[in-house]
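Scope of the values below: all heavy atoms of this structure, side chains included, with no hydrogens, waters or symmetry mates. Count residues from 1 along the sequence.
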Amino acid sequence: MKTMPVKNFLCSKCGTLVKSKSTPNNFGCLKGGNFHSWRDLGHEGEKGFYCKGCLTLIHSNDIPTKFGCPNEGFHDWEKIF
C-alpha cells in the first residue's frame with residue numbers, strides 16, 4: 001500500500017506551521033476571523049529552508065513557494081543545509 005507523503009502547510013495569516021498528509025482544518029486561526037489560510041509549501045524533505053521574513057524553518061527537497069508569508073507577503077527563502 002502506498003502512503004501519502006507529508007507536506008508542510010503554513011497559515012499566511014498567523015504563521016502556524018503544520019506537517020500533514022492533507023490540508024489541515026481551517027478553524028482556530030488566532031488572526032483573520034478565526035479561519036486559517038493554508039499555503040502548501042511542498043513535501044517534507046532533506047534540505048533546510050529558512051524564510052528571512054517570517055522566520056519559518058522547513059525541510060523540503062524543493063524550494064518552497066514565495067507566496068503567503070505572514071509578515072512580508074512574499075517569502076524570502078534561504079537554503080541553510
Side-chain angles (χ1 to χ4, degrees):
M1 178 179 2
K2 196 174 191 179
T3 61
M4 291 177 47
V6 173
K7 288 185 170 186
N8 297 289
F9 292 92
L10 182 74
C11 176
S12 61
K13 294 179 183 178
C14 69
T16 298
L17 179 65
V18 175
K19 296 171 192 246
S20 178
K21 293 180 180 181
S22 60
T23 305
N25 190 313
N26 286 338
F27 298 105
C29 185
L30 299 175
K31 295 183 180 178
N34 202 33
F35 294 97
H36 289 290
S37 180
W38 297 113
R39 289 287 183 171
D40 181 349
L41 298 179
H43 294 101
E44 182 77 358
E46 300 294 322
K47 300 172 188 169
F49 292 93
Y50 173 76
C51 176
K52 297 176 194 174
C54 65
L55 310 180
T56 297
L57 172 66
I58 68 164
H59 295 91
S60 180
N61 288 329
D62 301 309
I63 297 172
T65 182
K66 292 185 180 273
F67 300 105
C69 181
N71 290 345
E72 302 290 326
F74 294 95
H75 290 287
D76 184 9
W77 295 110
E78 179 179 337
K79 184 179 171 190
I80 55 172
F81 58 88

Q. Do Leu41 and Trp77 touch side chain to side chain, with heavy atoms closer than 4.5 Å?
A. yes
Q | Cys11 backbone acceptor or donor facing Thr16 side chain under 3.5 Å | A | no
Q) If you measure from OG on Ser60 to NZ on Lys79, what distance do you get to the nearest 0.5 Å? A) 11.0 Å
**Q.** Glu78 atom CD, neighbour heavy-atom count above 12 within 6.0 Å
**A.** yes
Q: Drop me the distance from Asp62's CG to Lys47's NZ, to the nearest 0.5 angstrom.
A: 7.0 Å
Q: Enter the distance from Lys52:NZ to Asn71:CG here, rounded to the nearest 0.5 Å.
A: 15.0 Å
Q: Take atom NZ of Lys19 as the centre, draw a 6.0 Å sphere, and report whether it contains more than 12 heavy atoms from other residues, nucleotides or ligands.
A: yes
**Q.** Validation row: His36, Cys14 side chains within 4.5 angstrom (heavy atoms)
**A.** yes
Q | Exceeds 12 heavy-atom contacts within 6.0 angstrom, atom NZ of Lys13 | A | yes
**Q.** N/O donor-acceptor pair under 3.5 Å between Trp38 side chain and Pro24 backbone
**A.** yes
Q) What distance separates Asp76 CG from Phe49 CZ, expressed to the nearest 0.5 Å? A) 12.5 Å
Q) Looking only at atom types and distance, does a side-chain atom of Asn8 sit under 3.5 Å from a main-chain N or O of His59, one as donor and one as acceptor? A) yes
(Q) Is there a continuous path of hydrophobic side-chain contacts, each under 4.5 Å between heavy atoms, that joins Ile63 to Leu17? (A) yes
Q. Can you tell me how far NE2 of His43 sits from CD1 of Ile58, rounded to the nearest 0.5 angstrom?
A. 12.0 Å
Q.
Same cluster or not: Leu57 versus Leu55, using hydrophobic residues (I, L, V, M, F, W, Y) connected whenever any side-chain heavy atoms lie under 4.5 Å apart?
A. yes
Q) What is the distance from atom CG of Leu10 to atom SG of Cys51, rounded to the nearest 0.5 Å? A) 8.5 Å
Q | Side chain to side chain, Phe9 and Asp40, heavy atoms closer than 4.5 Å | A | yes
Q) Would you say Asn34's side chain and Phe27's backbone share a donor-acceptor pair under 3.5 angstrom? A) no
**Q.** Verdict with reasoning, Cys54 to Glu72, per side-chain contact (heavy atoms from CB on, under 4.5 Å)
**A.** CA-CA 7 Å; Cys54 65; Glu72 302 290 326; over 6 Å; no
